[in-house]
Amino acid sequence: MAEPLLEVVAIAKRFRGLKAVSSVSFAIEAGHIVALIGPNGAGKTTLFNMIAGVYAPDAGEIRFAGQRIQGLRPDEICVAGIGRTFQLVRPFAGLSVLDNVVIGALRRSPRIAEARRKAGLILERLGIAEKRDLPAASLTLPDRKRLEVARALATEPRLLLLDEVMAGLRPTETDRMVEVFRELNRETGLTILLIEHVMRAVMALSREIHVLHHGELIASGAPDEVVRNPAVLECYLGEDAA
Amino acid sequence: MFSQINPRARGLLAALALLLLILPWIANNYVLSVAVLILYFAYTGQAWNVMMGFCGQLSLGHSLYVGIGGYSAAALFVHFGIGPWGGALVAVAASMLVGAIIGFLAFRFGIGGVYFALLTIAFAEFTRLGFDHWQWLGASGGFFLPVKQREFNDLLNLRGSPVMFYYVMLALATAALAFCTWLLRTRIGYYWLAIREDQQAAQALGINTFRCKMIAVLISSGMTSLAGVFFAFYYNNLFPEQIFNMGRSIEIILGPIIGGIGTLFGPILGAALLALLADGITELMAQIGIELPGIKQVFYGSCLLLVTMFLPNGVWPALARRLGLVSAPGPDPAGNTVRHPDG
């Protein structure tokens with residue numbers, strides 16, 4: 001079997017006394033779409049932030065395409081090929097929608113004209129091309145989520161980390177977003193790790209699901225197996241349901 | 001950016017350029033000296049704007065770079081006979097070095113926002129104290145350049161008539177505008193705006209924020225020190241108490257704040273508005289025979305208050321729209337990087 005694109009080995013992070021993530025290990029094959037689910041406070045975003053270089057793990061190792069990446073700065077992680085979105089969207093509010101995405105594209109396409117062309121294509125893919133000249137501050141939340149994804153895609157990542165990009169979207173909007181990710185995955189082989197509460201999207205997209213609870217991985221596997229797993233049902237619905 | 005400017009704006013710009021070019025023939029020495037002052041603050045405001053308006057790093061100590069630039073060039077001229085153009089190179093290098101030290105200390109150790117601003121004040125203040133006691137440079141008694149009456153303008157040594165100084169300052173201000181226009185169209189220009197808007201998001205897009213902020217400080221400090229060189233040869237005297245004064249730093253930033261932070265024409269408009277109105281008020285007071293010391297400062301304060309309250313983006317974005325120089329929405333042809341939906 002080929003080496004996985006991303007390999008997380010026994011990573012842990014504590015904030016003061018609080019164990020946010022303890023000894024979590026998993027791997028993602030290139031070209032797969034994998035979901036990370038779990039109740040609020042389970043440590044999903046902390047795990048993301050360790051992969052994205054915002055926090056250095058206290059222990060363990062993160063390997064991306066065979067290289068150790070833990071402890072690198074977020075910009076170095078991005079250059080290595082990991083793009084990310086933020087759960088609380090962070091558009092460059094004063095800049096136009098297009099310029100937001102151009103800034104992402106400039107990493108791989110230093111020439112402005114080329115970056116603008118690429119950014120335009122990505123905006124079309126996400127369906128917000130007609131808003132390219134508006135200030136990002138004027139966008140609605142669903143459009144901001146799309147912009148967040150567009151900007152991350154513009155960095156041309158091999159692995160895309162999506163932090164709750166479906167939250168706040170209507171079901172039809174969710175389906176459109178799901179379709180975009182499917183297309184990208186099919187056409188370019190983009191590998192995706194998503195944190196998501198919207199099960200409609202999780203079930204439609206992911207080939208594999210990891211469940212995090214109290215900072216520990218309690219289940220991993222194919223979607224239909226995981227949603228029947230008693231431990232998973234218990235952490236989501238309480239003991240009686242399981 | 002200039003290619004996108006609509007015909008009306010281009011016409012206005014051409015008219016302004018023409019007016020500035022022929023000004024020495026139609027204006028008396030007093031008007032010319034006011035014009036030099038306006039251009040001086042347009043230039044320094046532009047330089048400060050690179051750091052704050054583009055990259056979002058607030059400096060309240062830009063008089064530091066003016067002072068270092070002025071003293072470097074003056075010292076080389078007086079003590080070693082090196083002309084101001086050669087001296088300018090040293091001045092720029094010295095200011096950039098100091099800027100690099102401040103930037104490194106701040107950005108390496110994650111000092112941002114208000115604390116960064118305080119650091120810039122601190123550096124300007126203790127440099128002032130140092131120069132106050134530096135006998136080789138005249139200490140607190142002042143450092144003077146020799147003044148000789150000349151028949152011809154000596155551009156090489158910056159000795160000559162107010163008209164010559166006017167054109168030198170006009171050239172500097174024009175060059176700064178062109179340079180900043182170009183900067184905003186480069187990759188680093190985009191990266192600065194990203195850092196100004198949201199540093200963490202910028203970093204997630206692969207931007208080395210430390211390096212970009214350092215470059216902003218280096219460019220800004222280097223540009224500002226050229227104004228210092230001009231100042232030294234224009235006024236022929238330097239006093240640490242004056243040139244490093246925090247009030248001077250504030251004067252530098254008033255123009256861009258009132259004109260519009262982050263815009264290309266804001267610093268120019270702001271400098272012009274402040275100088276013309278402040279002089280107008282002083283003149284008016286003199287006419288009606290009231291003498292009020294400090295009226296200029298009160299006036300600056302009121303301007304700042306009014307602009308902050310009613311035009312938080314500055315006068316320029318609003319004016320550009322009113323004059324029809326901007327066709328909103330869309331990429332702003334006036335070069336405004338702050339684009340808010342409500343103007």
Side-chain angles (χ1 to χ4, degrees), chain A residues 48-49 52-54 73-86 88-116 119 131-139 147-148 150-157 161 163, chain B residues 1 3-4 52-56 107-108 110 181-213 260-263 312-314 317 326-343:
Chain A
F48 250 44
N49 279 334
V54 177
R73 291 192 312 266
D75 54 300
E76 294 171 321
I77 301 269
C78 174
V79 173
I82 301 181
R84 70 151 317 163
T85 66
F86 290 94
L88 301 170
V89 291
R90 315 179 74 127
F92 302 128
L95 307 183
S96 73
V97 168
L98 182 69
D99 283 348
N100 266 266
V101 184
V102 166
I103 287 165
L106 280 170
R107 182 78 263 162
R108 311 259 184 235
S109 316
R111 289 184 44 242
I112 304 289
E114 176 68 4
R116 284 176 72 92
K131 296 178 176 137
R132 54 192 282 157
D133 294 330
L134 295 179
S138 71
L139 294 185
L147 177 59
E148 191 80 13
R151 217 169 48 175
L153 280 176
T155 66
E156 297 177 27
L161 306 177
D163 198 348
Chain B
M1 220 160 264
S3 56
Q4 296 163 3
M52 177 61 193
F54 298 172
C55 193
F107 306 143
R108 180 70 188 76
T181 306
W182 174 77
L183 277 176
L184 274 186
R185 300 171 68 175
T186 61
R187 179 153 84 150
I188 188 90
Y190 277 87
Y191 282 1
W192 284 337
L193 300 184
I195 291 170
R196 180 192 76 190
E197 295 291 316
D198 189 327
Q199 193 160 292
Q200 208 182 329
Q203 211 177 9
L205 296 178
I207 299 174
N208 184 332
T209 53
F210 174 78
R211 191 198 296 163
C212 290
K213 287 190 285 185
I261 291 181
T263 66
N313 294 326
V326 184
S327 34
D332 199 329
N336 300 322
T337 59
V338 184
R339 297 167 196 154
H340 291 279
D342 53 354

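Naming convention: chains lettered A, B, ... in sequence-line order (proteins, then strands); numbering from 1 in each chain. Everything quoted here is computed from the prediction, not taken from an experiment.
Atom CG of B:N208 and atom CZ of A:R107 lie 8.0 Å apart (nearest 0.5 Å).
Proximity to chain B is absent for every atom of A:R132, based on heavy atoms less than 4.5 angstrom apart. Using a 4.5 Å cut-off between heavy atoms, A:F92 touches chain B through backbone and side chain atoms alike. Only the backbone of B:T186 has a heavy atom closer than 4.5 Å to any heavy atom of chain A.
For the pair A:I103 and B:Y191, the tightest heavy-atom approach, listed with the atom from each and the gap, is O-CE1, 3.8 Å. Taking each heavy atom of A:L106 and B:R187 in turn, the nearest pair found is O-NH1, 2.7 Å. Contact record, B:A201 with A:R151: CB-NH2, 3.7 Å, taken as the closest heavy-atom pair. The heavy-atom pair separating A:I112 from B:R185 by the smallest distance is CG1-O, 3.2 Å. Closest approach of A:T155 and B:L205 over heavy atoms only: CG2-CD2, 3.7 Å. Contact record, B:G206 with A:C78: N-SG, 3.3 Å, taken as the closest heavy-atom pair.
Counting heavy atoms from C-beta outward, B:Q203 and A:V54 have side chains that stay 4.5 Å or more apart.
Heavy-atom pairs under 4.5 Å with chain A were tallied for B:T209, B:D198, B:I207; the largest tally goes to B:D198.
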(request) List the steps, then state whether side chain to side chain contact (heavy atoms under 4.5 Å, CB included) holds for A:F86 with B:Q200. (result) CA-CA 10 Å; A:F86 290 94; B:Q200 208 182 329; 3.8 Å; yes
